[in-house]
Amino acid sequence: MQKWPDECIDLIYLDPPFKSDTNYNILFGTQNGKPAQLQAFEDTWTWNEKAHERVESIKGAVAHPAHKSVTGLHLVLGDCGMLSYLSYMAERLAEMRRILKSTGSLYLHCDPTASHYLKVVMDDVFGAKIYQNEITWKRTTSRGDGNRYGRISDSILFYAEKGATWKNQYHQDGLVVKGDRTIPLTGSGISQGEAGKLWHGYDPAKSGRGRHWSVPKTGTYADWIEKNLIPGYKNIESVHERLDALHEKGFIKFSKKGTPELFRPANAANRGPKVNDIWTDISLEGEVKNIADYPTRKPRALLERIIEASTNKGDVVLDPFCGCGTAVDAAHRLNRQWLGVDISSFAIDLIINERLQDPQIQTAGIPLDLTGAKRLAEADRFGFEKWAINKIPGFVPNQKQVGDGGIDGRATLMNKWNDLNLALAQVKSGGLGGLASDARDFLCTIDREKAVCGVFITTEKVDRRKRSAYQEFESMGRFEIGANNYPRVQFWSIEEYFDGRFPNLPPMLNPYTGKPMAQIHLI
């Protein structure tokens, strides 16, 4: 974002993650007897030297948009994981303020663990005056939370400048007309003016005590009348003239008792009640669960509502923590331009290949060929390791990348072998020198961790003529699961990945959902 021009985005929706390892962003339930998200804060957002430097940097920069909030929160919270997270968010929110148009809107999705702290930072960065709503989204109908009320809602903090795009949204499952019908032409209350006088010999008070003529002039049906029946209808000020115009078009009927009623065809159906700041009509429950099984998923209808309310067709929507891509999918379907950012190449692959099913979508920062992979390995060894691990279905990068004990990635076999189900991966980002020694070290790691199998990932394909390295792995033998057998340890390269060839592995559990996932057998 730092390289993007000022004021280039119309809408930002962000649902920032709290955890990026195999227990990715556990938002609900409990862990070790604590609310899971709080546990995620304590596990992931620890107070360390990097957090200290980040906080002190913001506190020392009096012109930083979050200077006051971070300084104050440090006094309140002290050195802790929560402040580590909030300072991380403050840096990114400051950049979002720069790229958001003056007519733009921002929605920050969070839960009660941090919403109150995040609002303080948001008020500081964007200004309390442009705060519009804290939307409460009822994400599920029930949740057991032990000795407390079930936590079934999230918060969405909505900020928008005066003059920002805004279109009211309506509950589509609300008061929708199911067919043609007639509706009363009178309303309660006495009128001394024209609305209380006779029309076609009929006294409005006869339809009930203290009634007057009530003829649509605004709203959904008035819009329909003007568009389809009487051009300029909403500019007619006289109540009787509106009645005359509708009667001339045959839209006023008289009941058997002689009472005039307004005919309303089914195709002029009411949109239902207007959406307010408590959303109970969109839930994760009952959704078709394929790509949506991503753990931090949100319903597409939720994002469609936000995008339709705060953008026009062709506007630019940004999700800076896009995960499985619900926001970009919704933007794509609604004919908006969009940008999605995520640190996980697994997430980007998921969006391109499964969510949008369009491999031609442009990406930046992700290798598209072997040359690009080599450049990434040279420029960012740890980034290359994460990217390479994510190329094997079922594997996730090890969170600790320094002093990792020879483990760069892990996976869980769907079926156990000799009561074991762990698979390991190691990445060698440089050249192939010392390969035999590295292979022996990896075998020791597999023995130490009691892993069933392992994959040693290199950038370029390992030539089988390097017999000593291959012999080390072949000495481990093979194992059987069901009717198939697999090597205990094997080489696999990024060169082979770009050739569409994958390691020979049994089915794994999806590390983000715990559900079975098949391997890609193109070896």
Side-chain angles (χ1 to χ4, degrees), residues 13-20 22-44 85 107-119 133-158 169-174 272-309 319 321-330 333 347 350-351 354-355 509-516:
Y13 167 85
L14 61 153
D15 179 17
F18 302 113
K19 201 167 180 63
S20 58
T22 53
N23 295 318
Y24 188 91
N25 200 9
I26 303 169
L27 294 178
F28 319 130
T30 60
Q31 279 183 280
N32 303 327
K34 298 181 181 181
Q37 194 174 70
L38 181 59
Q39 183 71 42
F41 275 120
E42 293 179 355
D43 287 351
T44 306
Y85 170 71
Y107 292 77
L108 191 156
H109 196 135
C110 53
D111 88 348
T113 304
S115 59
H116 48 308
Y117 298 128
L118 284 167
K119 189 176 184 299
N133 293 99
E134 180 168 347
I135 299 162
T136 299
W137 171 49
K138 181 183 176 183
R139 65 175 182 257
T140 184
T141 56
S142 62
R143 178 71 58 183
D145 267 348
N147 296 325
R148 69 171 71 218
Y149 299 108
R151 301 196 303 177
I152 62 172
S153 66
D154 284 358
S155 295
I156 304 174
L157 303 176
F158 170 37
Q169 300 299 298
Y170 297 86
H171 292 283
Q172 297 302 314
D173 59 348
K274 196 162 68 172
V275 172
N276 295 307
D277 65 358
I278 297 179
W279 297 359
T280 61
D281 59 331
I282 298 173
S283 174
L284 280 170
E285 296 169 354
E287 263 202 329
V288 177
K289 295 180 181 179
N290 39 54
I291 185 70
D293 279 340
Y294 199 77
T296 56
R297 72 188 187 278
K298 300 298 180 292
R300 192 173 66 230
L302 184 78
L303 276 302
E304 287 176 342
R305 174 173 292 172
I306 289 170
I307 292 168
E308 288 186 320
D319 184 348
F321 300 94
C322 64
C324 67
T326 305
V328 299
D329 183 21
R333 290 169 183 264
L350 207 63
I351 295 169
E354 295 189 43
R355 170 76 81 172
L509 294 180
N510 187 313
Y512 302 98
T513 66
K515 295 182 178 180

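Heavy-atom basis, side chains included; hydrogens, waters and symmetry copies ignored.
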Does some side-chain heavy atom of Phe321 sit less than 4.5 Å from a side-chain heavy atom of Asp15? no

Among Ile156, Ile306, Ile135, which residue meets the side-chain contact (heavy atoms from CB on, under 4.5 Å) test with His109? Ile156

Atom pair CG/NE2 of Leu157 and His116 - distance to nearest 0.5 Å: 11.5 Å

Looking only at heavy atoms, the pair that brings Leu302 and Lys298 closest together is CD2-CB, 4.2 Å

Return the minimal non-hydrogen interatomic distance between Ile307 and Ala327, and the atom names on each side. CD1-O, 3.8 Å

Provide the closest heavy-atom pair for Pro112 versus Ser153 in the form atom of the first, atom of the second, distance. CD-O, 4.0 Å

Point-to-point distance, once rounded to the nearest 0.5 Å, from CD of Gln169 to CG of Asn276: 12.0 Å

At their closest point, which heavy atom of Trp137 faces which heavy atom of Ile282, and how far apart are they? NE1-O, 2.7 Å

What one should report as the nearest heavy-atom pair of Arg305 and Asp281 is NH2-OD2, 2.6 Å

Working to the nearest 0.5 Å, report the span between OH of Tyr107 and CG of Leu14. 12.5 Å

Backbone N or O of Arg139 within a donor-acceptor pair of the Ser283 side chain at under 3.5 Å? yes

If you apply the rule side-chain contact (heavy atoms from CB on, under 4.5 Å), what do you find for Leu118 with Tyr85, and how did you get there? CA-CA 10 Å; Leu118 284 167; Tyr85 170 71; 4.2 Å; yes

Might you point out which heavy atoms bring Asp154 and Cys110 nearest each other, and give the distance in Å? CB-O, 3.4 Å

